[in-house]
Number of protein chains: 2
Amino acid sequence: MSLIDTEVMRGLNTQGALSHEDKALLLGLELTPRYMSASEVLWQEREDTDQFCVVKEGWAYSYRNLKNGSKQIFNFYLPGDIIGIRDFGFTRRLTSVAMINKGVICPFSYQQLFELFGRSSLAVGIVATATRQQAQLSERLIYLGKYSAYEQLTHFLYEIYLRLKRIKAVENNSFFMPLTQELISDALGMSSVHVSRTFSMLREEGLVIRKRQHVMLPDPEALARLVEFNDSYIDEFLPPSFSELLKS
Amino acid sequence: MSLIDTEVMRGLNTQGALSHEDKALLLGLELTPRYMSASEVLWQEREDTDQFCVVKEGWAYSYRNLKNGSKQIFNFYLPGDIIGIRDFGFTRRLTSVAMINKGVICPFSYQQLFELFGRSSLAVGIVATATRQQAQLSERLIYLGKYSAYEQLTHFLYEIYLRLKRIKAVENNSFFMPLTQELISDALGMSSVHVSRTFSMLREEGLVIRKRQHVMLPDPEALARLVEFNDSYIDEFLPPSFSELLKS
DNA sequence: CGTAGGGTTGAGCGAAATCAAATATAGTGG
DNA sequence: CCACTATATTTGATTTCGCTCAACCCTACG
C-alpha cells in the first residue's frame, strides 16, 4: 500500500494535479523500508521529532500513557497511512507510537516533507491528509462524549471496516483485525471487561462474528444504520475545484 | 488579533522565514471584516465548503447536532484562531459553526488559501496551525475517555486560561469567558447539572471563582498540577530547524 | 415588577467501572 | 505431539459516577 494509492493523492492525481516530479517525490518517501516486529516502538512521547512514516504493512497505533496508569489510544494506523503528521510543528512527540503486529514502515525526514511543500499540489495533499486524520479523531470524540458503549463499539467496528475496504483488505465482509479487546478498550475509553460484554451483545444479535483476530460483519450496513454512520469523513473525494485552483 | 500574531506565524517570522510578500498575503486574508451578532451561524454542517475565517473579535464554536437530540461541541475559537481548516479537503462542512457572543470575523476563500500554498513557508504555517488544533482536540479526547468530570473541567479551564493568556486576554488571573454551563457541558460530554456541581467543588476548594462570565483562577498553576497539564501543545515553539529547511 | 434564561440543589436510577474468578487459546520448549 | 505458560476472554457480584427529573433560586433586563 503506497501513499500514491491513498484517497487524497489518487484524488489529486485523477484531477491531473500531480506532475511526474510530484509523483516521483511521493514515491521517494517510500524507498527505505524498515521491518518491524510486533509491539516494537517507533518513538516515545516527548522524544525529538525528526521524521514521519508511511505504513506499508501491519498495524500501528499512537497512544499516551496516563498518570493514572491507563493508556489512551488515539489512532490505529493501517497500511497507506502516514504516521506523525500530528507532531508537525512541534519539537517533541505528543504521543508514542508502536506497532501492533509485525509489519513494514518507511520513515522519511522533515527535509523530505519540506520538499513536498515546495509543490503546491503536494502541500495541498498533505494538508488534506492531515485534516482527514483530524476528522476521524473528531468522530471518535463524538462517540466518546455522547454515546453508549454499544454505539461506540458499533461505530468503531464499522469505521475499521470502511477503512479496510478502501485498501482492499475486506473479503466477504470479513477482515483481519489484530486488536485485543484491551487495545480497543484503551481507544474507546471503556474497560476491557465492558468491551467483552458489548461484543457479546453484538454477537447475540448476529451483527458481529469475531474469532480472535478475524472479524466478520454479516450485514455491515446494519451497523451503519444503527449509528447513523456519516461516512463523508472517510469516503468523500477531494473537492473538484482543487484542480482549477492548483492550475492558477 | 491578527493571524500574523499567532504563535505559529510569529515563530516563522522570528526565524526569518516570512518575506514581505508572505506577510502581505497573510494580512490580505483579513481585509473584509464581517460583524457578527451573538449566536449567529457562520455555516451549517453539510453545506458546501467555500471559505475559511479568521476570528478577529468574539468567541465562536464548532458543533454537531446529534441524532439523540444533544449536541457535541468540538472547538471553541478565540480571537486569532482560524475556523474551517478541519473542512479542508472535503466538499461539505463536517460541523456547524456559530458565534457565541458578538464579534468580528474575516472570511477568506479557498483561492486565497491556495495562494498561500504557493509559498512554502506559509504552507508550513498552515499545516502547523492545523496540527495544533488537532493536538488540542486530542487532549480533549484524553480527558473525555479516561478522566473524571472534575479533572476534565479543571483541564478545560486551564486550557482556556492558557489560550487567553497567549492573546493577552488575562489580567490578574481573571478573564472573560462568555460560556454558559450548558455550552461547557456540550463540549465536555457531561450534563449541565454535573458541570454546575463540579464548579461548586472547584469553588469550595478556592480553585475557581466564577461570576457569570468572569472567571478568576486564584492559583492557575494549582489547576495545572491537579491534571498534570502538558502545555506543549499550546505553548511550544516551532522547531528551530524549520528556518533551515525553508531556506533550501 | 414580572419574566426568562441561567444556575443550584436534591432524590433516585442506571450504565459502566472495578474486583474477582473461571475459561479459552496461542505459543513454547521438550 | 503434548504439557505448560502466558495471554485473552468471559462471566458474576458489587460499587460508583454521573445522568435524569424536578423543584427552586438568582439576577439581568425590559
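Protein chains get the first letters and strands the later ones, always in sequence-line order, with residue 1 at the start of each. Given the structure is predicted, the values throughout are model-derived calculations rather than measurements. The figures here come from the full heavy-atom set of this structure, side chains too, leaving out hydrogens, waters and symmetry mates.
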statement: When rounded to whole Å, the CD to C1' distance for the pair B:E204 and C:dG7 reads 15 Å
message: Quick check on contacts: within residues 176-194 of chain B, what sits under 4.0 Å from DNA chain C by heavy-atom distance?
response: B:T180, B:Q181, B:V193
- line: So CD of B:E159 and CZ of B:F229: to nearest 0.5 Å the spacing works out to 5.5 Å
Contacts of type salt bridge (charged side-chain N to carboxylate O under 4.0 Å, His left out), residue B:E228, not counting sequence neighbours: none
message: Rounded to whole Å, how long is the line connecting atom CZ of A:R197 with atom P of C:dA16?
response: 11 Å
field: Side chain to side chain, A:I73 and A:L183, heavy atoms closer than 4.5 Å
entry: yes
task: Answer with yes or no whether the side chains of B:N172 and B:S174 bring together a donor and an acceptor at under 3.5 Å.
output: no
- request: Could you tell me the separation between the CG atom of B:L202 and the P atom of C:dT8, rounded to a whole number of Å?
  value: 12 Å
- request: State, without any angle test, whether B:E57 and B:Y35 hold a side-chain donor-acceptor pair at a distance under 3.5 Å.
  value: no
When you compare the protein's N or O atoms with those of nucleotides 25-29 of chain C, which come within less than 3.5 Å of each other, and at what distance?
from, atom 1, to, atom 2, distance (Å)
C:dT25, O4', A:R212, NH2, 3.3

- request: Measure the spacing between CG of B:D231 and CZ of B:R166 and express it to the nearest 0.5 Å.
  value: 10.5 Å
message: Between A:Q134 and B:T131, is the side-chain contact (heavy atoms from CB on, under 4.5 Å) condition met? List the steps.
response: CA-CA 8 Å; A:Q134 184 173 1; B:T131 55; over 6 Å; no
- request: Would you indicate whether A:K71, at its atom NZ, is surrounded by more than 12 heavy atoms from other residues, nucleotides or ligands within a distance under 6.0 Å?
  value: yes
- request: Give the C-alpha distance, both sets of side-chain angles, the deciding distance and a yes or no for side-chain contact (heavy atoms from CB on, under 4.5 Å) between B:F199 and B:V208.
  value: CA-CA 8 Å; B:F199 261 120; B:V208 176; 4.1 Å; yes
message: Suppose the criterion is side-chain hydrogen bond (donor to acceptor under 3.5 Å, both in side chains): which pairs have a residue in residues 136-158 of chain A, not counting sequence neighbours?
response: A:Q136-A:R163, A:S138-B:R86, A:E139-B:R64, A:K146-B:D186, A:S148-A:E151, A:Y150-A:E205, A:E151-B:K67, A:Y158-A:E221
- prompt: Between B:M201 (CE) and C:dT9 (P), how many Å, whole number?
  reply: 13 Å
query: Taking 5' to 3' order, which nucleotide of DNA chain D is first and which is last to have an atom within less than 4.0 Å of a heavy atom in chain A?
result: D:dA8 to D:dA13
Spacing of CG belonging to A:L3 relative to CZ belonging to A:F108, to within rounding of 0.5 Å: 6.5 Å
- prompt: Does the side chain of B:S200 get closer than 4.0 angstrom to OP1 or OP2 of C:dT8 through an N or O atom?
  reply: no
- line: Output for pair (B:D50 CG, B:S109 OG), nearest 0.5 Å, gives 9.0 Å
message: To the nearest 0.5 Å, what is the distance between CZ on B:F176 and CG on B:N101?
response: 5.5 Å
message: Among residues 142-154 of chain B, which ones have heavy-atom contacts with DNA chain D below 4.0 Å?
response: B:S148, B:A149
